[in-house]
Novice: 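Here it is: the structure, laid out below.
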Amino acid sequence: MNEALVSVVIPVYKVEAYLDRCVESVVRQSYEKLEIILVDDGSPDRCGAMCDAWAEKDARIRVLHQKNAGLGAARNRGTEIASGEFVTFVDSDDYLAPDAIELLLRIRREQKADIACGDCCSVGREEKAVFDREGEYSVRVFTGREACMTLQGWELYMPMVTAWGKLFPRAWILDDPFTEGRLHEDESTTFKLFYRARRVALTTRAVYAYFQNPDSIMHTRTERSQRDTLLAYCEQIRFFEANGEEALARAARDKLLNVAVDFADRGEEVFGAFLRSEAWQYRNPKTRPKTLVRYFGYRLTGRDLNKLYHKLIKK
């Protein structure tokens with residue numbers, strides 16, 4: 001059986017302290033039939049030169065230099081020039097388990113899945129991920145709709161919502177590319193890919209080290225970040241409604257209201273303004289009572305009554 005070519009797309013921007021660690025984790029994969037595409041997204045530091053140096057070391061590496069266009073655009077351009085049957089994404093301050101791609105391919109094949117997903121572990125500046133290659137792990141399989149439903153809860157949200165830590169058919173990314181010019185492009189894209197799938201497989205084994213970089217844009221809650229988060233949640237609702245998926249749309253509306261109260265209570269004014277103006281249209285007769293309490297409680301008091309209640313009962 002011929003091995004499939006996997007394209008690994010790595011957007012690169014202002015990560016010269018972490019880039020070598022990331023690329024090394026890819027070139028040393030146990031699965032070797034790889035095409036590695038480094039997209040230098042107009043990085044103002046030494047990253048562009050570092051990418052070129054890596055291409056000289058390994059013939060599987062290609063480098064694309066472009067003007068800064070953001071993470072979504074970098075992933076899309078990398079996918080467009082790729083030639084693999086499958087594609088996986090790695091953020092350039094993160095890194096992979098040594099057998100990550102081999103494991104995802106095996107899970108995809110064994111479970112007859114369209115998309116294979118792995119778990120992740122979070123690491124700090126002074127930490128190093130320890131990947132357990134010999135330990136036991138389990139695999140859960142979802143229909144595409146069930147995978148979309150996992151995004152409306154929190155238990156599996158992190159390993160499911162991200163673009164990284166997954167193996168996608170490359171053609172699917174070309175059909176449904178990442179949102180460009182916005183933050184939180186994962187949240188406005190991944191659900192569409194899941195919805196298209198017949199089967200989605202998720203392993204409990206960590207295949208990806210998610211670096212908690214305090215300097216990254218994802219750890220800075222700006223007004224732009226808040227607006228793009230809100231927009232992504234609203235897009236999910238409209239997508240499910242347009243496809244006649246009332247159960248998914250109802251769960252997505254419920255989550256939007258809960259997330260809005262949570263963020264507004266943290267002082268994120270974009271969500272506070274949303275709750276005071278537009279949020280009423282996302283209520284319906286089937287909205288959960290607990291969600292309604294949080295929503296109306298915030299409208300009346302400017303506080304998340306659920307958090308306040310749990311603080312009181314702990315005293």
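Sequential numbering from 1 along the given sequence is applied to the chain's residues.
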Novice: With a 4.0 Å cut-off on N to O distance, would you call R170 and E85 a salt bridge?
Specialist: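 Judged by the 4.0 Å cut-off on N to carboxylate O distance, R170 and E85 do not form a salt bridge.
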Novice: Is it possible for you to say whether F274 and V259 belong to one hydrophobic cluster, with membership spreading through side-chain heavy-atom contacts below 4.5 Å?
Specialist: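 Yes; V259 is reachable from F274 via cluster members.
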Novice: Would Q212 and V123 count as a side chain to side chain contact (heavy atoms under 4.5 Å, CB included) here? Give the steps.
Specialist: CA-CA 6 Å; Q212 301 299 292; V123 293; over 6 Å; no
Novice: Side-chain heavy atoms nearer than 4.5 Å, only ILVMFWY residues, links allowed to pass through others: does that put V87 and V200 together?
Specialist: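 Shared cluster, yes.
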Novice: Walk me through it: do D40 and H65 pass the test side-chain hydrogen bond (donor to acceptor under 3.5 Å, both in side chains)?
Specialist: CA-CA 5 Å; D40 168 26; H65 299 282; 2.8 Å; yes
Novice: Calculate, to the nearest 0.5 Å, the distance between atoms CG and OG1 belonging to L104 and T203 respectively.
Specialist: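 Answer rounded to 0.5 Å: 8.0 Å.
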Novice: Step by step, would you call R62 with I36 a side chain to side chain contact (heavy atoms under 4.5 Å, CB included)?
Specialist: CA-CA 6 Å; R62 300 167 62 189; I36 305 165; over 6 Å; no
Novice: Mark yes or no for whether K166, through its side chain, and A116, through its backbone, hold a donor-acceptor pair below 3.5 Å.
Specialist: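 No, because the side chain of K166 does not come within donor-acceptor range (under 3.5 Å) of the backbone of A116.
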Novice: Is there a continuous path of hydrophobic side-chain contacts, each under 4.5 Å between heavy atoms, that joins V207 to L202?
Specialist: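 Hydrophobic grouping puts V207 apart from L202.
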Novice: Of all the heavy-atom pairs spanning M158 and C120, show the shortest one and how long it is.
Specialist: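 So the two residues come closest at CG-SG, 4.0 Å.
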Novice: Can any side-chain N or O of S188 pair as donor or acceptor with the backbone N or O of A232 at less than 3.5 Å?
Specialist: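 Between the backbone of A232 and the side chain of S188 there is no qualifying donor-acceptor contact (under 3.5 Å).
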Novice: Are the ring centres of Y295 and W280 closer than 6.0 Å?
Specialist: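 No; W280 has its ring centre 6.0 Å or more from that of Y295.
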Novice: Nearest heavy-atom pair of I107 and A201: which atoms, and what distance?
Specialist: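 I107 and A201 have their closest heavy atoms at CG2-CB, 3.5 Å.
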Novice: Are Y208 and V6 linked, directly or through other ILVMFWY residues, by side chains that come within less than 4.5 angstrom of each other?
Specialist: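 Per the 4.5 Å side-chain linkage, Y208 and V6 are co-clustered.
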Novice: Can you check side chain to side chain contact (heavy atoms under 4.5 Å, CB included) on V261 and L305, steps first, answer last?
Specialist: CA-CA 9 Å; V261 172; L305 298 185; over 6 Å; no
Novice: Quick one: does any side-chain atom of T229 pair with a main-chain N or O of S225 as donor and acceptor, under 3.5 Å?
Specialist: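 Checked: pair present.
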Novice: If every non-hydrogen atom of P159 is compared with every non-hydrogen atom of D119, which pair is closest and at what distance?
Specialist: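 Answer, listing the atom of P159 first, then D119: CB-OD1, 3.8 Å.
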Novice: Is R75 close enough and on-axis enough to F178, meaning under 6.0 Å and within 45°, for cation-pi?
Specialist: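 That pair qualifies as a cation-pi contact.
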Novice: Might you work through the side chain to side chain contact (heavy atoms under 4.5 Å, CB included) test for F194 and M160, ending with a clear yes or no?
Specialist: CA-CA 9 Å; F194 285 158; M160 294 294 277; 3.9 Å; yes
Novice: Just by distance, do the side chain of N76 and the backbone of G72 share a donor-acceptor pair under 3.5 Å?
Specialist: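 Yes, the answer is positive, given that a donor and an acceptor are paired below the 3.5 Å cut-off.
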Novice: Classify the side-chain pair Y157/E187 by whether it contains a donor and acceptor separated by less than 3.5 Å.
Specialist: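 There is such a pair (donor and acceptor under 3.5 Å, judged by atom type) between the side chains of Y157 and E187.
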Novice: I'd like to know if D99 pairs up with R133 as an ion pair, taking the criterion as any Lys NZ or Arg NE/NH1/NH2 lying under 4.0 Å from an Asp or Glu carboxylate oxygen.
Specialist: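 Salt bridge flag = yes for R133 with D99.
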Novice: Counting only N and O atoms by type, is there a donor-acceptor contact under 3.5 Å from the side chain of N243 to the main-chain atoms of E245?
Specialist: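 Not a single qualifying donor-acceptor pair exists.
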Novice: Inspect the surroundings of CZ in R276 and state if more than 12 heavy atoms from other residues, nucleotides or ligands are less than 6.0 Å away.
Specialist: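 Enclosed.
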Novice: Mind checking the NZ-SG spacing from K128 to C121? Nearest 0.5 Å is all I need.
Specialist: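 These two atoms lie 12.0 Å from each other.
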Novice: Do L174 and T79 have side-chain heavy atoms sitting under 4.5 Å apart?
Specialist: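 In contact.
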Novice: In Å, rounded to the nearest 0.5 Å, how long is the span from OG1 of T204 to OH of Y137?
Specialist: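 If I round to the nearest 0.5 Å, the distance is 8.5 Å.
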Novice: Can you find a pair of side-chain heavy atoms, one from F142 and one from R140, that are under 4.5 Å apart?
Specialist: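 Yes, their side chains come closer than 4.5 Å.
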Novice: Check the orientation of Y95 and F131. Use parallel for under 30°, tilted for 30 to 60°, and perpendicular for over 60°.
Specialist: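 If you compare the ring of Y95 with that of F131, the planes turn out perpendicular.
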Novice: Among all residues two or more places apart in sequence or in another chain, which pass the side-chain contact (heavy atoms from CB on, under 4.5 Å) test with E56?
Specialist: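 Counting only residues at least two positions away or on another chain, E56 forms no side-chain contact (heavy atoms from CB on, under 4.5 Å).
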Novice: When you measure from the side chain of D228 to the backbone N and O of L183, does any donor-acceptor pair fall under 3.5 Å?
Specialist: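 Looks like yes, one N/O pair under 3.5 Å.
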Novice: If every non-hydrogen atom of V27 is compared with every non-hydrogen atom of R60, which pair is closest and at what distance?
Specialist: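 It is O-NH2, 2.9 Å.
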Novice: Could you tell me whether a side-chain N or O of S43 sits under 3.5 Å from a main-chain N or O of K14, the two making a donor and an acceptor?
Specialist: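 Flag set: sc S43 to bb K14 pair under 3.5 Å.
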Novice: Roughly how far, to the nearest 0.5 Å, is CG of L275 from OH of Y282?
Specialist: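 If I round to the nearest 0.5 Å, the distance is 11.5 Å.
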Novice: Assess whether atom CD of E127 is packed by more than 12 heavy atoms of other residues, nucleotides or ligands within 6.0 Å.
Specialist: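 Yes, enclosed.
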Novice: When you compare the side chain of F239 with that of Y195, does any pair of heavy atoms fall below 4.5 Å?
Specialist: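 Yes. Closest side-chain heavy atoms under 4.5 Å.
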Novice: Start with the C-alpha gap between Q226 and E269, add the side-chain angles, then the distance that decides, and say whether side-chain hydrogen bond (donor to acceptor under 3.5 Å, both in side chains) holds.
Specialist: CA-CA 8 Å; Q226 295 174 47; E269 181 50 36; over 6 Å; no
Novice: Would you call D175-R196 a salt bridge at under 4.0 Å N-O?
Specialist: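 Result for this pair is yes, salt bridge flagged.
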Novice: Working to the nearest 0.5 angstrom, can you tell me the gap between E24 CD and L96 CG?
Specialist: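 That separation rounds to 12.0 Å.
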Novice: Can you see which heavy atom on T189 is nearest to which on P177, and at what distance?
Specialist: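 Between these two residues, the closest heavy atoms are CG2-O, 3.9 Å.
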Novice: Do L256 and L292 belong together in a cluster built from hydrophobic side chains that touch within less than 4.5 Å?
Specialist: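 Looking at the clustering, L292 is in the same group as L256.
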Novice: Does this structure show an ion pair linking R205 with D132, if we count only N-O contacts that are shorter than 4.0 Å?
Specialist: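 Salt bridge: no.
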Novice: Do the side chains of D304 and Y298 get nearer than 4.5 Å, heavy atoms only?
Specialist: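 They are not in side-chain contact.
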Novice: Using 4.0 Å as the upper bound for N to carboxylate O, is an ion pair formed by D114 and R198?
Specialist: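 Here R198 pairs with D114 in a salt bridge, since their nearest N and O are under 4.0 Å apart.
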Novice: If we only count heavy atoms from C-beta on, is the V8 to V90 side-chain gap below 4.5 Å?
Specialist: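 Yes, at least one pair of side-chain atoms sits under 4.5 Å.
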Novice: For E223, is the CD atom crowded, meaning more than 12 foreign heavy atoms sit under 6.0 Å from it?
Specialist: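 At most 12 heavy atoms, drawn from other residues, nucleotides or ligands, come within 6.0 Å of this atom.
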Novice: Donor-acceptor pair, distance only, cut-off 3.5 Å: does the side chain of E35 make one with the backbone of S83?
Specialist: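 Flag set: sc E35 to bb S83 pair under 3.5 Å.
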Novice: Would a line drawn from the ring center of F191 to the ring center of F240 be shorter than 6.0 Å?
Specialist: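 Ring centres of F240 and F191 closer than 6.0 Å.
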Novice: Between Y18 and F211, is the gap from one ring center to the other below 6.0 Å?
Specialist: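 Between F211 and Y18, which both carry aromatic rings, the centre distance is below 6.0 Å.
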Novice: Restricting to pairs with a member in residues 251-261, which pass side-chain hydrogen bond (donor to acceptor under 3.5 Å, both in side chains), not counting sequence neighbours?
Specialist: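 Applying side-chain hydrogen bond (donor to acceptor under 3.5 Å, both in side chains) to every pair that reaches into residues 251-261, excluding sequence neighbours, yields E241-R253, E246-R253, D254-N258, D254-R288, D254-T291, N258-T291, N258-R294.
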Novice: Just by modelled atom types, is the V161 backbone N or O under 3.5 Å from a matching donor or acceptor in the T190 side chain?
Specialist: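 Checking the backbone N and O of V161 against the side chain of T190, a donor-acceptor pair under 3.5 Å is found.
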Novice: In Å and rounded to the nearest 0.5 Å, what is the CD1 to CZ distance from I115 to R199?
Specialist: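 Rounded to the nearest 0.5 Å, the CD1-CZ separation comes out at 13.0 Å.
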Novice: So, do K307 and D265 sit near enough that their side-chain heavy atoms are less than 4.5 Å apart?
Specialist: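 Heavy-atom side-chain distance check passes, below 4.5 Å.
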Novice: Please work out whether the ring planes of W164 and Y210 are parallel, tilted or perpendicular, with thresholds of 30° and 60°.
Specialist: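 Answer is tilted, since the angle falls between 30° and 60°.
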Novice: What are the two closest heavy atoms between D94 and C22, and how far apart are they?
Specialist: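 Shortest heavy-atom contact: O-CB, 3.1 Å.
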Novice: Do Q29 and E102 have side chains that approach each other closer than 4.5 Å (heavy atoms only, starting at C-beta)?
Specialist: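 Answer no - side chains too far apart.
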Novice: Got a donor-acceptor contact below 3.5 angstrom from the N68 side chain to the D41 backbone?
Specialist: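 Yes, N68 side chain to D41 backbone: donor-acceptor pair under 3.5 Å.
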Novice: Less than 4.5 Å apart, side chain to side chain, heavy atoms only: is that true for E180 and E185?
Specialist: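 SC-SC contact between E180 and E185 ruled out.
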